[in-house]
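One structure is given below, encoded as structure tokens.
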Amino acid sequence: QVRLVESGGGLVQAGGSLRLSCVVSVRPFNLWSMGWFRQAPGKERQFVAVIDRSGTSTDYADSVKGRFTASRDNRKNTAYLQMDSLKPEDTAVYFCAARRQGGMSMYRDEYDYWGQGTQVTVSS
């Protein structure tokens, strides 16, 4: 019955921006770290970003450092991923994920719950 719902994907030109949102039903939300992953057709699901329970610490994949920013609003049970200076290689389905124990992680198998994904397409 735990649900994570992503939104905010779409089609943008290279250099453009999008903000993804993930609404989470887990309680209490501030006990869960939140990760972002992406998967392109024929490729493995890759780590993108993670934010800790309080929203004070973040980590990013090298490919998105300086361009993507993770944040969260614990009062709204929502995590965000701001994506700027988008590149065609950012095209993928983006997933949010929640982890209860162990804090931040870049590993897919350490997350407990996943959203359904939202498509991001960046044209050149």
Side-chain angles (χ1 to χ4, degrees):
Q1 61 184 353
V2 174
R3 291 183 291 181
L4 286 69
V5 181
E6 302 100 333
S7 62
L11 174 64
V12 298
Q13 294 182 334
S17 297
L18 287 171
R19 188 178 75 159
L20 306 183
S21 298
C22 177
V23 180
V24 184
S25 69
V26 294
R27 303 287 188 276
F29 182 54
N30 63 1
L31 294 183
W32 298 74
S33 59
M34 294 296 300
W36 291 93
F37 294 78
R38 66 188 183 187
Q39 186 170 21
K43 298 182 180 180
E44 296 181 346
R45 190 170 298 185
Q46 299 177 324
F47 168 75
V48 175
V50 63
I51 187 166
D52 72 351
R53 296 175 177 89
S54 65
T56 59
S57 296
T58 55
D59 196 14
Y60 302 92
D62 288 343
S63 59
V64 306
K65 286 181 179 178
R67 299 189 298 119
F68 290 10
T69 304
S71 62
R72 65 193 293 163
D73 186 339
N74 286 346
R75 292 176 295 179
K76 296 182 178 180
N77 278 31
T78 303
Y80 303 95
L81 184 67
Q82 178 68 41
M83 305 185 295
D84 298 320
S85 301
L86 283 162
K87 304 175 181 179
E89 52 262 44
D90 296 319
T91 295
V93 177
Y94 283 71
F95 300 86
C96 63
R99 187 180 189 221
R100 175 65 174 84
Q101 293 182 312
M104 299 191 297
S105 174
M106 65 178 69
Y107 302 109
R108 293 172 293 173
D109 58 3
E110 294 187 352
Y111 284 82
D112 300 295
Y113 298 102
W114 292 82
Q116 84 289 349
T118 185
Q119 177 70 48
V120 172
T121 302
V122 184
S123 64
S124 60

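Keep in mind that the numbers below use all heavy atoms, side chains included, and drop hydrogens, waters and symmetry copies. Bear in mind the structure is a predicted one, so any value in this text is a computation, not a measurement.
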Legend entry - Single-linkage hydrophobic cluster, 4.5 Å side-chain cutoff, Leu20 and Leu86 together: yes

Inset, instruction - Would you confirm whether Arg72, through its side chain, and Asp52, through its main-chain N or O, come within 3.5 Å as a donor-acceptor pair? - result: yes

Inset, instruction - Please determine if Arg108 forms a cation-pi arrangement with Phe37, meaning its NZ or CZ atom is less than 6.0 Å from the six-membered ring centre and no more than 45° off the ring axis. - result: no

Inset, instruction - Measure from the side-chain N and O atoms of Thr91 to the backbone N and O of Val122, and report whether any donor-acceptor pair falls under 3.5 Å. - result: yes

Inset, instruction - Give a yes or no on whether the backbone of Lys76 and the side-chain of Thr78 come within a donor-acceptor separation of less than 3.5 Å. - result: yes

Inset, instruction - Indicate yes or no: does Lys87 engage Asp90 in a salt bridge with an N to O separation below 4.0 Å. - result: no

Legend entry - Whether Phe95 and Trp114 hold their rings parallel, tilted or perpendicular, with breakpoints at 30° and 60°: perpendicular

Inset, instruction - Taking side-chain hydrogen bond (donor to acceptor under 3.5 Å, both in side chains) as the test, write out the residues that go with Thr118, two or more places apart. - result: none

Inset, instruction - For Gln116 and Glu6, run side-chain contact (heavy atoms from CB on, under 4.5 Å): C-alpha distance rounded to whole Å, both residues' side-chain angles, the deciding distance at 0.1 Å, then the answer. - result: CA-CA 7 Å; Gln116 84 289 349; Glu6 302 100 333; 2.8 Å; yes

Legend entry - Residue pair Tyr111 / Arg99, side-chain donor-acceptor N/O under 3.5 Å: no

Inset, instruction - Check the hydrophobic clustering (I, L, V, M, F, W, Y; side-chain heavy atoms under 4.5 Å; chains of links allowed) and say if Ile51 and Trp36 are grouped together. - result: no

Inset, instruction - Go through Asp59 and Met106 one step at a time and tell me if the side-chain contact (heavy atoms from CB on, under 4.5 Å) criterion holds. - result: CA-CA 8 Å; Asp59 196 14; Met106 65 178 69; 4.3 Å; yes

Legend entry - Short side-chain to backbone donor-acceptor contact, Asn77 and Val23, under 3.5 Å: no

Legend entry - Main-chain N/O of Met104 paired with Arg53 side-chain donor or acceptor, under 3.5 Å: no

Legend entry - Verdict with supporting geometry, Phe29 and Met34, side-chain contact (heavy atoms from CB on, under 4.5 Å): CA-CA 10 Å; Phe29 182 54; Met34 294 296 300; 3.8 Å; yes

